[in-house]
Amino acid sequence: MAATAAAAVAAMEVGGGVVDTGSDSYRGMSSDNIKGLIMALSSSIFIGVSFIVKKKGLKKAGASGVRAGVGGYSYLYEPLWWTGMITMIVGEIANFAAYAFAPAILVTPLGALSIIISAVLAHIILQEKLHIFGILGCALCVVGSTTIVLHAPQEREIESVREVWDLATEPAFLFYATLVIAIVLVLIFHYVPQYGQTHILFYIGVCSLVGSLSVMSVKALGIALKLTLSGTNQLIYPQTWVFAMVVTICVLTQMNYLNKALDTFNTAVVSPIYYVMFTSLTILASVIMFKDWDRQNLTQIVTEMCGFVTILSGTFLLHKTKDMADGPIPIGMMKLPKHADEDSFGQEGIPLRRHGDEEEGFVQDGIPLRRQESSRILP
């Protein structure tokens, strides 16, 4: 009997759990981690709904003004878009609070729930088809998220925002932040103007790279506010306001380019790709800055990575089955924005195709309109 109990205790310790020997109960997560988990789940629900509401607002605004995807801001006058924006803000506030209590490795992957919600609602409300394998993808996201939650590291004990500043100014994270800023600037000023309308990865790349920095700053600011509310004023330190400024700049940048991505590409494609890139970069940033894996053994780290790969598999299925639902896309249509006029005219009144050319299977300059094999917008 004693040997069995000792073996159980050892197994629980390997799995990262905490044993209460007085009540023989197993508590796999700290109270702070549980608070962070609840807030992260609530955040995902609000954010998943906001994708759909904002998309409806963007489409309504684009019908009567210049679309966000081509640089317009008519959506700012659309009440439906603001409803979605307020819903997203509520979700982000919950997410903000979650980072103050739990490590990023636990909080960020739970964004998979927002993918499931947005994909299902897009199927119901926006008539963006969800294939049967997309449902399997949703299930994989849930399984992967559960795996990560059960093996997430405990939150690092921090008593001052100055400790977070010290972590942020270490050479490893400074190198990461400098590299991210350089890549973002290259994307914004060189690649986005040329390829933003036809390649989703450029819009999403900017959002994700900037997002990884914003999460680190959000966590720092959340810790500062939590300590302040508990009686240790952190607002007197300039580091708190520096983190607040970084959060503001990053969030505004993310919002701008996420709007462009949502307005230009399908919601069921934007959501999973954004999730995969954003989560991957955020986990990397958190491991570099907060050294989350230093407090875990190899088994826990490998299990977390398996959970994350499971989530990636689910989002991949959601992405690929969106193509299956919509069917093959002719090569001649690959670079048309999704709002292109279906009556054969694009912007500036220029015909997109001619009936004679279409019947012969070629457009101007001898470019084939169709191929025998299936052509996709994204690999």
Side-chain angles (χ1 to χ4, degrees), residues 16 28-52 87-121 135 137-156 204 207-208 211-212 214-216 218-219 222-223 226 251 254 258 268 270-287 290 292-293 296 300-301 303-319:
M29 299 176 65
S30 67
S31 59
D32 277 354
N33 275 21
I34 292 175
K35 292 175 184 177
L37 172 63
I38 294 173
M39 292 175 186
L41 291 174
S42 302
S43 169
S44 295
I45 293 173
F46 281 107
I47 291 175
V49 172
S50 75
F51 269 111
I52 306 303
T87 305
M88 177 170 277
I89 290 173
V90 172
E92 293 296 349
I93 291 174
N95 200 44
F96 178 94
Y99 281 112
F101 290 95
I105 288 180
L106 187 156
V107 175
T108 307
L110 293 180
L113 180 59
S114 68
I115 297 176
I116 298 172
I117 294 172
S118 63
V120 172
L121 291 181
I135 299 175
C138 293
L140 287 173
C141 289
V142 173
V143 171
S145 296
T146 303
T147 302
I148 291 177
V149 166
L150 293 177
H151 296 84
Q154 301 299 318
E155 174 68 329
R156 186 189 189 104
I204 299 302
C207 292
S208 302
S212 68
S214 71
V215 167
M216 297 303 101
V218 161
K219 185 169 180 62
I223 290 172
K226 182 179 73 171
V251 167
Q254 283 180 268
L258 183 57
V270 171
S271 298
I273 294 178
Y274 178 46
Y275 169 79
V276 170
M277 295 183 65
F278 172 72
T279 304
S280 300
L281 290 168
T282 298
I283 290 177
L284 176 61
S286 182
V287 168
F290 288 97
D292 293 322
W293 286 347
Q296 292 189 288
Q300 292 172 310
I301 294 173
T303 304
E304 287 172 6
M305 289 300 96
C306 288
F308 185 54
V309 170
T310 303
I311 297 175
L312 295 185
S313 301
T315 55
F316 175 79
L317 270 179
L318 281 171
H319 166 47

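These figures come from a predicted structure and were not determined experimentally. Values below: every heavy atom of this structure, side chains too, minus hydrogens, waters and symmetry copies.
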- Report yes if the side chains of Ser145 and Ile311 come closer than 4.5 Å at any heavy-atom pair, otherwise no. yes
- Query: Roughly how far apart are Thr303 OG1 and Met305 CE, rounded to 0.5 Å?
  - Reply: 10.0 Å
- For Glu304 and Pro153, work out which heavy atoms get closest and say how close. OE2-CD, 3.3 Å
- Query: How close do Lys226 and Ala100 get, heavy atom to heavy atom, and via which atoms?
  - Reply: NZ-O, 2.9 Å
- Item | Heavy-atom side-chain proximity of Pro103 to Asn33 below 4.5 angstrom | yes
- Can you name the closest pair of heavy atoms from Phe101 and Gly36 and give their distance? CB-N, 4.0 Å
Tell me which donor-acceptor pairs under 3.5 Å the side chains of residues 43-52 have, and how far apart each pair is, sequence neighbours excluded?
| from | atom 1 | to | atom 2 | distance (Å) |
| --- | --- | --- | --- | --- |
| Ser43 | OG | Gly91 | O | 2.7 |
| Ser44 | OG | Ala40 | O | 3.2 |
| Ser44 | OG | Leu110 | O | 2.8 |
| Ser50 | OG | Ile47 | O | 2.7 |

- For the atom pair CE (Met39) and CZ (Phe96), what is the distance rounded to the nearest 0.5 Å? 11.0 Å
- Message: Let me confirm one number: the OG-CG distance from Ser286 to Asp292, rounded to the nearest 0.5 Å.
- Response: 3.5 Å
- Item | Expected output: side-chain Lys219 to main-chain Ala102 donor-acceptor under 3.5 Å | yes
- Message: Quick check for you: to the nearest 0.5 Å, what is the distance between Thr108 atom OG1 and Ile148 atom CD1?
- Response: 9.5 Å
- Message: Counting C-beta onward and ignoring hydrogens, is there a side-chain heavy-atom pair between Ile105 and Val287 closer than 4.5 Å?
- Response: yes
- Note on the structure: Rounded to the nearest 0.5 Å, the CG atom of Leu41 sits from the OG atom of Ser114 at a distance of 11.0 Å
- Message: If we check side-chain contact (heavy atoms from CB on, under 4.5 Å) with Val215, which of these qualifies: Asn95, Ile283, Thr282?
- Response: Thr282
- Item | Minimum heavy-atom distance Ala152-Gln296, with the two atoms named | C-NE2, 3.7 Å
- Note on the structure: Heavy-atom closest pair (Met88 atom, Leu258 atom, distance to 0.1 Å) is CE-CD2, 4.3 Å
- Query: Taking all atoms of both residues into account, what is the closest heavy-atom pair of Ile204 and Tyr274, and its distance?
  - Reply: CG2-CA, 3.5 Å
- Any chance you could measure Phe278, atom CZ, to Ser212, atom OG, to the nearest 0.5 Å? 8.0 Å
